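Order of listing sets the numbers, starting from 1, for every ligand and every atom in it. The structure displayed is predicted, hence computed values, not measured ones.
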Amino acid sequence: MHPEPINLLGLDAPALTQLVGQWGGKPFRARQLQKWVHQRNTSCFEDMTDLARDFRAQLTEQCVVQAPTVLTQQRSSDGTRKWLFDVGQGNAIESVFIPEDDRGTLCISSQAGCNVGCRFCSTGHQGFNRNLTAAEIVGQLWWARHELLKDLDSSRLSAGEKIADTRVISNVVMMGMGEPLLNYDPVVTAVRLMLDDNAYGLSRRRVTVSTSGVVPMMDRLSQDCPVALAVSLHAPNDALRDQLVPLNKKYPLAELLAACERYLEFAPRDFITFEYVMLDGVNDSDQHAHELVDLVRRVHCKLNLIPFNPFPASGLKRSAAARIKTFSQILSDAGIVTTVRKTRGDDIDAACGQLAGEVQDRTRLSETMALKRSIPIKEVRA
Ligand code: SAH
Ligand code: SF4
């Protein structure tokens with residue numbers, strides 16, 4: 001029986017150099033190969049014309065360049081695009097591309113499902129199946145870039161702009177399905193490839209890991225591969241956060257904020273982005289805003305308010321626009337840079353927290369979540 005082919009999408013530079021070295025190839029061969037794979041989006045080894053014929057034959061025999069299979073793709077009227085990828089055994093994950101005037105952001109998934117079980121998150125309600133491999137994480141970027149390049153004005157490319165130099169995706173955020181810091185090694189391998197000049201060449205400031213607050217892994221990330229960090233806060237006190245983000249019981253706010261301060265010593269940006277989903281009557285009062293100001297004051301941060309994106313049976317509502325405005329004003333008046341996230345891709349359910357994919361739950365989380373939906377959130381105020 002043939003061993004499984006090696007998917008080159010999941011190998012960072014040292015791993016690829018080692019593989020090529022085993023076949024007697026020099027490190028620069030690995031770099032050439034890496035450019036073909038990630039920059040020129042080539043999956044057929046025979047097309048890699050500046051590689052020696054023997055080397056190409058060896059690659060064809062033992063390796064593949066394979067992104068997860070696309071099940072569906074959708075395009076919103078505002079230009080947002082969404083892909084649903086098959087990751088086997090009935091599981092599917094989603095990625096979303098958000099074009100803006102000055103940048104193009106790809107939001108990718110890190111797990112099939114998620115076992116953190118946040119009360120307001122569609123992924124959380126579905127339970128957890130498995131971690132994605134580094135190749136599946138990078139594969140989302142590889143595929144999206146491939147598709148977006150197809151759309152580019154061909155005259156632009158024929159006018160001499162090289163595919164390898166074209167930055168259709170300028171930013172990557174790990175804000176799709178899953179908790180990236182609970183799938184640490186594959187996520188770090190994938191991030192290294194995003195940063196690698198021979199692969200995607202993004203700067204550390206343009207790759208963001210979003211976490212619900214896995215404190216020990218935030219410390220590890222700061223040492224292994226510090227990139228921009230977003231932390232999902234959602235509540236200004238432990239009693240409320242315990243109900244919204246169950247991981248808070250393990251890593252309460254004081255520990256989380258201390259970890260943010262430690263992270264900042266190594267971070268590529270001089271602030272942490274705090275995300276705060278605006279839930280009507282749950283965490284959106286003036287008192288909550290004042291409490292939040294007191295909580296985050298010690299950390300150099302920006303606050304990103306996310307209007308809640310409803311999904312069937314969440315049992316929760318989005319705060320009214322006027323409430324979000326007042327809440328935001330209280331934070332701004334206290335000197336905290338605050339933005340309200342624009343909802344994009346509404347017509348294709350591509351907004352934060354709506355990425356549902358398809359998860360064959362292997363935990364009992366989806367049952368527990370179904371039960372929780374019937375329990376009202378206790379009001380907790382300052
Ligand atoms: N697990 C990571 C990253 C994925 S979620 C995390 O929790 O940070 C990305 C962001 O979307 C998080 O801030 C999350 O709280 C937010 N989110 C989840 N469900 C949402 C919903 N229904 N409406 C708005 N934002 C949501
Ligand atoms: Fe998981 Fe993030 Fe959703 Fe919470 S918000 S359930 S951590 S994906």
Starting from atom 3 (Fe) of ligand 2, count all protein N, O or S atoms within a radius below 2.8 Å. 1
Charged N to carboxylate O under 4.0 angstrom, K35 versus D50? no
Quick one: closest heavy-atom pair of V215 and A259, and the distance? CG1-CB, 3.9 Å
Exam field: side chain [X] to backbone [Y], donor-acceptor pair closer than 3.5 Å:
X    : Y    : result
D333 : I330 : no
N129 : Q360 : yes
N183 : S110 : yes

Are F266 and L257 connected into the same hydrophobic cluster when the rule is that any two of I, L, V, M, F, W, Y join if their side-chain heavy atoms are below 4.5 Å apart? no
Are L148 and L106 joined in one hydrophobic group, where the rule is that I, L, V, M, F, W and Y side chains link up if heavy atoms are under 4.5 Å apart? yes
Ignoring hydrogens, just give me the one of [options] whose non-hydrogen atom is nearest [atom].
atom                    : options                : value
atom 2 (C) of ligand 1  : G213, S122, S210       : S210
atom 13 (O) of ligand 1 : S314, S110, P310, S232 : S232
atom 4 (C) of ligand 1  : C107, S212, C121, G176 : G176

Indicate, as side chain, backbone, both or neither, the part of [X] found under 4.0 angstrom from ligand 1 when only non-hydrogen atoms are considered.
X    : value
H234 : side chain
I306 : side chain
T123 : neither
M175 : both

Sole candidate of Q140, E358, K82 that passes side-chain contact (heavy atoms from CB on, under 4.5 Å) when paired with E94: K82
W36 vs D47, test: side chain to side chain donor-acceptor pair (under 3.5 Å). Steps then yes/no. CA-CA 9 Å; W36 276 109; D47 292 345; over 6 Å; no
With sequence neighbours excluded, what pairs up with N171 under the side chain to side chain donor-acceptor pair (under 3.5 Å) test? R206
Write out all pairs satisfying side chain to side chain donor-acceptor pair (under 3.5 Å) with one or both partners inside residues 210-231, taking only residues at least two apart or from two chains. E179-T211, E179-S212, Y184-D224, S210-E275, D219-R262
Which of the numbered atoms in ligand 1 are under 4.0 angstrom from any heavy atom belonging to [X]?
X    : value
V277 : 23 (N), 24 (C), 25 (N)
G178 : 1 (N), 2 (C), 3 (C), 4 (C)
T211 : 6 (C), 8 (O)
M174 : 3 (C)
N309 : 21 (C), 22 (N), 23 (N), 24 (C)

Please report whether ligand 1 has a polar contact with E275, defined as an N or O pair separated by less than 3.5 Å (distance criterion only). yes
Sorted by chain and number, sequence neighbours left out, ring-ring contact (aromatic ring centres under 6.0 Å, His included) with Y200 holds for H38
